[in-house]
Structure formats: structure tokens, C-alpha cells
K.L.:
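Take this structure, written in C-alpha cells, and hold onto it; I'll ask about it next.
Everything numeric here is computed off the predicted structure, so don't read it as measured data.
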Amino acid sequence: MPRSLPRSPLPGLGRPAAGPVAVGLLLAVGLGVALGASACSIAGTAVGGSGATAPGVGGSIGVLDAGFLGDDVSPSPEATIAPEPGSWGRVEVPAGFRVVVVRARDDAATDTIVGAVEAWAVRVGAESTVLPAAADAEELIATFEQATAADADLVIGAGDGVVDEFAYGTAQHLDQQYLVLGAQLGEPTENVTSVVWPGATFRGTGITDDVQDAAAVTPARAGDAVAAGVAAVLHGVTGVVVSLPEPRA
């Protein structure tokens, strides 16, 4: 939240009132400071900003191309955005960025997503920890809490199996950022970002009947998902659903 500028002393309190010229100069300086503060505030999250730094994360985070958000540069919570292919490609991951991955089960689709996260981490120099698959719902809750307690920069949920627990648990830890890959939450809080694509849009038990298509969860799609999702989180575009475009020919 932008800090309020300190109030100037009121005329008559221990000093003579300023004349019209002085008042004009004070107003001009104040306006310049306010505009400068606003620009600095926006630079951390704005599309196309240069050398931006995400709150709480040291180092440059690069830029999002204009096509990432299109005309809606400030999407509302729970909105769905459809970035242009590769519009997240110039985002940089700060050194030492840490992620913890939660998975609900061992299956081909989940393995593909987890593998994509690990490959992304190696490529960008991030630290990744993958927790063992949960055997049941109770164990998944414990795994989720373990991941949250790790104090990582980002907790990643791999695949549709994590949705029901994330839908509840993420709302209890608003100071932690979460990213769900290959599925989405029905009513995400501002600290949850999801990345979906055709065949991987599950929203939770009893909410929709869109079953995950294992064939749709390819290494290429999962790789784009983690890169686009992390880019959104680093630039403060959170609480939204990122709908991946069709792959480039």
C-alpha cells in the first residue's frame, strides 16, 4: 500500500503562512513526489516495467510483455486471463527463489507436472523441493501444512488431485503465495494463482464435471504452465486463472 506523504505544518503554527509562490512550489514538489511514489509502486508489478523487484523477493524479476494481460492491465480477483504465447519469456526468477511442490498421487499427469517444475527450477536456478505423494485426504492435509510451514517463496500444487485441499487450506494462510498447475480453485483467494489449459481445467469435487485428460498434460504444456504461473506471481498478478494459449506452431 503506498505510504501517505507527511503533512506540511499548517500556517500560523510557529511560522508565518507561506505566500502564493511558496504554496505553488510546495504543491508542485508534493505532486512530483506523489507521482514518483506511484510510479515506483507500479514498477514492481507493471507489464513492461524494467528491472522490477517483487515485494519480498530480492533481485530483478524482468518484465512481462504487454500481451500477457492485454487490455486488462489490472484483472479483478478470480478473473481469467489469456496471455499471448511466450509473453512471459522475459521474466527473470531471482536467485535463491524457493518452491515446494505438493502432489496428491502418483500418476502420469502429475509426474509430468512435477517433472516440469523440477526442469524449470534447474533452468532458472531456483530451489525446488517435491514432497512425497499423499496416500489419502488426511495425509494430503498434513503435506499441505508441511509445505506451507517451509516458508518457501511459492507453494505449488501439482494437478487436479490437490484442488479440494488447496481450496480450503490456502484461505487459511493468506500470507503465503500458492500456484496450482493443471487445475483451478472454484473461488480462489488473492494468494492463489492457477494455470489451466484444455483438458486440464478441473475446479473441485462437486463443482464441475470437467475431468482431467491425462493426454492433455504434456511436458510442453506443463513447462509453459510453470513458467507463466511463476511469472504472474512474481509480478503480482495473483488470485487469477491463467488460461494458456494454444502452443505456437
K.L.:
Can you check whether Val237 reaches Pro75 side chain to side chain, under 4.5 Å on heavy atoms?
P.N.:
yes
K.L.:
Can you see which heavy atom on Ala216 is nearest to which on Gly199, and at what distance?
P.N.:
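Shortest heavy-atom contact: CB-CA, 3.8 Å.
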K.L.:
What are the two closest non-hydrogen atoms of Glu78 and Gly186, and how far apart are they?
P.N.:
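That closest heavy-atom pairing would be OE1-O, 4.2 Å.
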K.L.:
Any idea which heavy atoms bring Pro245 and Pro83 closest together, and the distance?
P.N.:
CG-O, 3.2 Å
K.L.:
What residues form a side chain to side chain contact (heavy atoms under 4.5 Å, CB included) with Pro198, not counting sequence neighbours?
P.N.:
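For Pro198, the residues satisfying side chain to side chain contact (heavy atoms under 4.5 Å, CB included) (neighbours in sequence not counted) are Arg221, Glu246.
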K.L.:
Considering only NZ, NE, NH1 and NH2 on the basic side and carboxylate oxygens on the acidic side, decide whether Asp136 and Arg105 come within less than 4.0 Å.
P.N.:
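Salt bridge flag = no for Arg105 with Asp136.
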K.L.:
Would you compute the distance between atom OG1 of Thr148 and atom CD of Gln176 and round it to the nearest 0.5 angstrom?
P.N.:
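These two atoms lie 6.0 Å from each other.
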K.L.:
A side-chain contact here means heavy atoms from C-beta on lying under 4.5 Å apart; do Leu174 and Glu190 qualify?
P.N.:
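Of all side-chain heavy-atom pairs linking Glu190 with Leu174, none is under 4.5 Å.
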K.L.:
Taking all heavy atoms of Pro188 and all of Gly239, pick out the closest pair and write down the distance.
P.N.:
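Here Pro188 and Gly239 meet closest at CG-O, 3.9 Å.
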K.L.:
With sequence neighbours left out, write down each residue that passes side-chain hydrogen bond (donor to acceptor under 3.5 Å, both in side chains) with Thr170, or none if nothing qualifies.
P.N.:
none
K.L.:
Inspect the surroundings of CD in Gln172 and state if more than 12 heavy atoms from other residues, nucleotides or ligands are less than 6.0 Å away.
P.N.:
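More than 12 within 6.0 Å, yes.
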K.L.:
Closer than 3.5 angstrom, by distance alone: can the side chain of Gln177 be matched with the main-chain N or O of Leu154 as a donor-acceptor pair?
P.N.:
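Absent.
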K.L.:
Quick check: do Leu234 and Glu92 have side-chain heavy atoms less than 4.5 Å from each other?
P.N.:
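Answer no - side chains too far apart.
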K.L.:
Using 30° and 60° as the class boundaries, would you call the ring planes of Tyr178 and Phe144 parallel, tilted or perpendicular?
P.N.:
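Tyr178 vs Phe144 ring planes: parallel.
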K.L.:
Using side-chain heavy atoms (C-beta onward) and a distance below 4.5 Å, is Leu131 in contact with Gln146?
P.N.:
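Yes - at least one pair of side-chain heavy atoms lies under 4.5 Å apart.
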K.L.:
What pairs with Ala231 under side chain to side chain contact (heavy atoms under 4.5 Å, CB included), at least two apart in sequence or on another chain?
P.N.:
Leu64, Trp88, Val91
K.L.:
Would you say CD of Glu145 has more than 12 non-hydrogen atoms from neighbouring residues, nucleotides or ligands within 6.0 angstrom?
P.N.:
yes
K.L.:
If you define the side chain from C-beta out and look only at heavy atoms, does anything of Leu179 sit under 4.5 Å from Val155?
P.N.:
no
K.L.:
Using a strict 4.0 Å threshold on nitrogen-to-oxygen distance, state whether Asp160 and Arg203 make a salt bridge.
P.N.:
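Salt bridge absent between Asp160 and Arg203.
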K.L.:
Return the minimal non-hydrogen interatomic distance between Thr143 and Ala134, and the atom names on each side.
P.N.:
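Nearest pair, atom of Thr143 first, then Ala134: OG1-CB, 4.3 Å.
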K.L.:
Can you hop from Phe202 to Val241 via hydrophobic side chains spaced under 4.5 Å?
P.N.:
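No, it is not one cluster - the side chains of Phe202 and Val241 are not joined through contacts under 4.5 Å.
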K.L.:
Between Val180 and Val196, is any pair of side-chain heavy atoms under 4.5 Å apart?
P.N.:
no
K.L.:
Out of the candidates Asp224, Ile113, Val226, Leu181, only one should pair with Val195 under the side chain to side chain contact (heavy atoms under 4.5 Å, CB included) rule; please name it.
P.N.:
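By the side chain to side chain contact (heavy atoms under 4.5 Å, CB included) criterion, Val195 pairs with just one of Asp224, Ile113, Val226, Leu181: Leu181.
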K.L.:
Are the side chains of Phe68 and Ile81 in contact, using a 4.5 Å heavy-atom criterion?
P.N.:
yes
K.L.:
Mind running side chain to side chain contact (heavy atoms under 4.5 Å, CB included) on Phe97 and Val230 for me, showing each step along the way?
P.N.:
CA-CA 11 Å; Phe97 191 79; Val230 172; 4.3 Å; yes
K.L.:
Quick one: closest heavy-atom pair of Ala116 and Gly223, and the distance?
P.N.:
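Closest approach of Ala116 to Gly223, heavy atoms only: CB-N, 3.8 Å.
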K.L.:
When you look at Thr193 and Val242, which way does the side chain to side chain contact (heavy atoms under 4.5 Å, CB included) test go after all the steps?
P.N.:
CA-CA 8 Å; Thr193 305; Val242 179; 4.2 Å; yes
K.L.:
Compare all side-chain heavy atoms of Arg103 with those of Val162 and state whether any distance is below 4.5 angstrom.
P.N.:
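No, too far: nothing below the 4.5 Å cut-off.
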K.L.:
For Asp65 and Gly67, indicate whether the former's side chain and the latter's backbone hold a donor-acceptor pair under 3.5 Å.
P.N.:
no
K.L.:
Could you walk me through whether Val117 and Val130 satisfy the side chain to side chain contact (heavy atoms under 4.5 Å, CB included) test, starting with their C-alpha distance in whole Å, then the side-chain angles of each, then the deciding distance to 0.1 Å, before giving a yes or no?
P.N.:
CA-CA 9 Å; Val117 174; Val130 180; 5.9 Å; no
K.L.:
Are Ile61 and Val93 close enough, and set up right, to give a side chain to side chain contact (heavy atoms under 4.5 Å, CB included), and what steps lead you there?
P.N.:
CA-CA 6 Å; Ile61 57 173; Val93 178; over 6 Å; no
